[in-house]
Amino acid sequence: MQKYNFFMPTRVIHGENELVNQAGLLKQLGSKCLLVTGKTSAKASGALDDAVEALTSQGIQYELFDQVENNPSLENVGAGGEAARKFKPDFILGIGGGSPLDVSKAIAVLAVNDIEPEELYRNKFDNKPLPIVAVPTTAGTGSEVTPYSVLTSSELETKKSFSVPELFPKIAFLDWRYTEKLPLTITRDTALDALSHLVEGYLSRRATGSSDLLAERGIKLWAKSLKSLRDGALAPEDRDRLLVASALGGMTISHTGTTLVHALGYSLTYYHDLPHGRANGLLMGEYLRYNAQHVPQRVTDVLAWLGLKDIDEFAQVMDELAGSMPDLTGEQVKEYAAKAVTTKNVAYTQGDVTEEVLQKILGNA
Ligand code: NAP
Ligand code: FE
């Protein structure tokens with residue numbers, strides 16, 4: 001019988017305007033807050049104004065660090081850590097896509113531990129990270145309900161995550177209105193990330209009875225908005241469903257981790273500047289073909305939940321949403337496969353994933 005435990009300590013608050021309505025919860029986390037955002041979207045989405053209103057209503061003092069870049073680097077989180085050490089907040093409130101949410105987690109550690117950003121990868125800290133509140137403005141990473149922070153290391157020439165259980169945000173506010181202004185390309189890219197978490201989680205070696213429930217529900221929800229994603233016309237119901245599906249994806253990978261799709265996708269982002277979700281989407285068709293050899297019933301389940309007839313149709317939909325793969329040389333294919341093969345993500349994938357298997361997946365994609 002399978003042994004597993006289920007741990008999801010984040011209070012998830014779903015609904016419109018709940019950040020303002022439930023501002024009292026913030027007061028329980030302290031009287032000084034560092035807001036962490038990217039350069040423009042937190043403001044443009046309306047989430048920053050709501051956060052400021054919520055903090056002000058509770059008499060919570062705040063400062064803003066709004067310098068988070070996409071696919072944040074260790075240098076970028078170092079700057080945020082500096083800001084936090086000066087201001088000495090009691091908690092962090094991150095607003096944005098996965099990038100600001102992941103930086104919030106890094107800052108939560110750096111604020112109270114005198115370490116260099118690269119030491120985050122040790123996954124062990126003397127002092128407990130500050131509490132985090134997460135407000136997603138994309139529907140993709142699920143970072144608002146995961147203990148992971150994915151950072152870009154120029155020394156390692158890749159993206160790599162660090163994690164401790166205390167990095168699960170204390171509260172996640174899911175308000176679809178903050179995703180309303182997302183341009184179609186970012187909507188699709190991030191939706192592909194959410195789908196990849198759900199599917200990779202369901203196909204992972206570490207899938208459990210409870211992660212399966214989350215993945216199934218998430219894939220079915222996501223599927224209800226597939227037509228809108230393809231048509232490029234998203235209604236509020238679609239935005240809301242995708243946001244919830246994304247959070248279910250985050251909860252899923254909090255238990256299963258991700259698999260080879262993420263391991264290979266990181267090189268496509270690092271070397272070819274592809275957005276994270278798009279990189280995953282481009283690899284998903286081949287990934288499903290690979291898994292059909294190992295867990296055929298699970299692949300059949302995924303296709304059925306998505307309402308797609310076979311892997312060819314799935315691959316076609318992924319290409320339609322993600323666009324085209326950059327041209328890779330034979331050398332690049334070998335190099336990215338060699339980089340991915342040693343990762344935990346690959347270890348969580350079904351079957352025996354050798355460099356040759358990864359080269360084939362990347363080459364065929
Ligand atoms: P992102 O890098 O956070 O943001 C991408 C772009 O979207 C930015 O230009 C951002 O603008 C803009 N944007 C965000 N919200 C918007 C809105 N509501 N309206 C208009 N524009 C908006 O994208 P992401 O895909 O959400 O996050 C990707 C990162 O998360 C990657 O580093 C990935 O590795 C990581 N990730 C983490 C986890 C995890 O569990 N922690 C899981 C998967 C992926 P601004 O710069 O102005 O904000
Ligand atoms: Fe991801």
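Atoms within each ligand, like the ligands themselves, are counted from 1 in listed order.
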Distance flag, aromatic centroids of Phe173 and Tyr178, threshold under 6.0 Å
no
Under 4.0 Å from a heavy atom of Asn71: give me the atoms of ligand 1 that qualify, with their elements.
31 (C), 32 (O)
Do any pairs count as a side chain to side chain donor-acceptor pair (under 3.5 Å) and have a residue in residues 69-79, sequence neighbours left out, and if so which ones?
Glu69-Ser73, Asn71-Lys159, Ser73-Glu75
Can you tell me if His197 contacts ligand 1 (heavy atom of the residue under 4.0 Å from the ligand)?
yes
Any nitrogen or oxygen of Ala42 lying under 3.5 Å from a nitrogen or oxygen in ligand 1? Just yes or no.
no
Counting non-hydrogen protein atoms only, what is the nearest one to atom 7 (O) of ligand 1? Give residue, atom name and distance.
Ile186 CD1, 3.4 Å
Hey, does the side chain of Lys160 reach the backbone of Ser153 with a donor-acceptor pair shorter than 3.5 angstrom?
no
Leaving out waters, which are not shown anyway, how many protein N, O or S atoms lie closer than 2.8 Å to the Fe ion (ligand 2)?
4
Does NZ or CZ of Lys170 come closer than 6.0 Å to the centre of the six-membered ring of Phe91, within 45° of the ring's axis?
no
Quick check on the 6.0 Å ring-centre criterion: do Tyr348 and His262 meet it?
no
How far is atom 8 (C) of ligand 1 from the closest protein heavy atom, and which atom is that?
Asn70 OD1, 3.2 Å
Please step through salt bridge (Lys or Arg N to Asp or Glu O under 4.0 Å) for the pair Asp312 and Arg289, ending with a clear verdict.
CA-CA 9 Å; Asp312 286 340; Arg289 258 187 252 289; 3.0 Å; yes
Taking atom 1 (P) of ligand 1 as the reference point, the nearest protein heavy atom with its distance
Ser99 OG, 3.5 Å
Would you say the ring centers of Phe87 and Phe65 fall short of 6.0 Å from each other?
no
Checking a contact table here: which protein heavy atom is nearest atom 15 (N) of ligand 1, and how many Å away?
Thr137 OG1, 2.8 Å
The protein heavy atom nearest to atom 22 (C) of ligand 1 is Ser41 CB, 3.3 Å
So if I count the atoms of ligand 1 from 1 in the order they appear, which ones are less than 4.0 Å from some heavy atom of Gly97?
3 (O), 26 (O)
Against heavy atoms of Lys159, which atoms of ligand 1 measure under 4.0 Å?
31 (C), 32 (O), 33 (C), 34 (O)
Considering Thr141, Thr138, Asp102 one by one, which has a heavy atom nearer to atom 28 (C) of ligand 1 than any of the others?
Thr141
Could you list the atoms of ligand 1 found under 4.0 angstrom from a heavy atom of Thr40?
47 (O)
Pairs of donor and acceptor atoms involving the side chains of residues 126-140, under 3.5 Å and at least two apart or interchain, shall be tabulated with distances.
residue: Asn127; atom: ND2; partner: Val112; partner atom: O; Å: 2.7
residue: Thr137; atom: OG1; partner: Gly97; partner atom: N; Å: 3.4

Does any N or O in the side chain of Trp176 come within less than 3.5 Å of the main-chain N or O of Glu237, such that one atom is a donor and the other an acceptor?
no
Is the backbone of Pro236 close enough, under 3.5 Å, to the side chain of Arg177 for a donor and an acceptor to pair up by distance?
no
What's the verdict on side-chain hydrogen bond (donor to acceptor under 3.5 Å, both in side chains) for Lys339 and Tyr270, showing C-alpha distance, side-chain angles and the deciding distance?
CA-CA 12 Å; Lys339 256 196 153 103; Tyr270 189 85; over 6 Å; no
Answer yes or no: does an N/O atom from Tyr148 fall short of 3.5 Å to an N/O atom of ligand 1?
yes
Other than Tyr4, which residues form its hydrophobic cluster under the rule that side-chain heavy atoms must be closer than 4.5 Å?
none
Given the options Arg298, Arg217, Arg206, Asp212 meets salt bridge (charged side-chain N to carboxylate O under 4.0 Å, His left out) only with Arg298
Option with minimal heavy-atom separation from atom 20 (C) of ligand 1, where the choices are Pro183, Pro147, Ala44
Pro183
Just to confirm my output: which protein heavy-atom neighbour is closest to atom 27 (O) of ligand 1, and how far is it?
Gly98 N, 3.1 Å
For Ser143 and ligand 1, does the shortest N/O to N/O distance drop below 3.5 Å?
yes
Is the closest side-chain heavy-atom distance between Leu120 and Val77 below 4.5 Å?
yes
Yes or no: does Pro100 have any heavy atom under 4.0 Å from an atom of ligand 1?
yes
Mind listing the closest non-hydrogen atom pair of Tyr62 and Val52 along with its distance?
OH-CG1, 3.3 Å
Need the ligand 1 atom indices (1-based, order shown) with element for anything under 4.0 Å from a heavy-atom of Asp193.
43 (C), 44 (C)
Among non-hydrogen protein atoms, atom 17 (C) of ligand 1 lies closest to Leu182 CD2, 3.4 Å
Hydrophobic cluster membership, Leu174 vs Leu182, 4.5 Å side-chain cutoff
no
Closest approach of any protein heavy atom to atom 25 (O) of ligand 1, naming residue and atom:
Thr190 CG2, 3.4 Å
Taking only heavy atoms of Thr146, which atoms of ligand 1 are found under 4.0 Å from at least one of them?
39 (C), 40 (O), 41 (N)
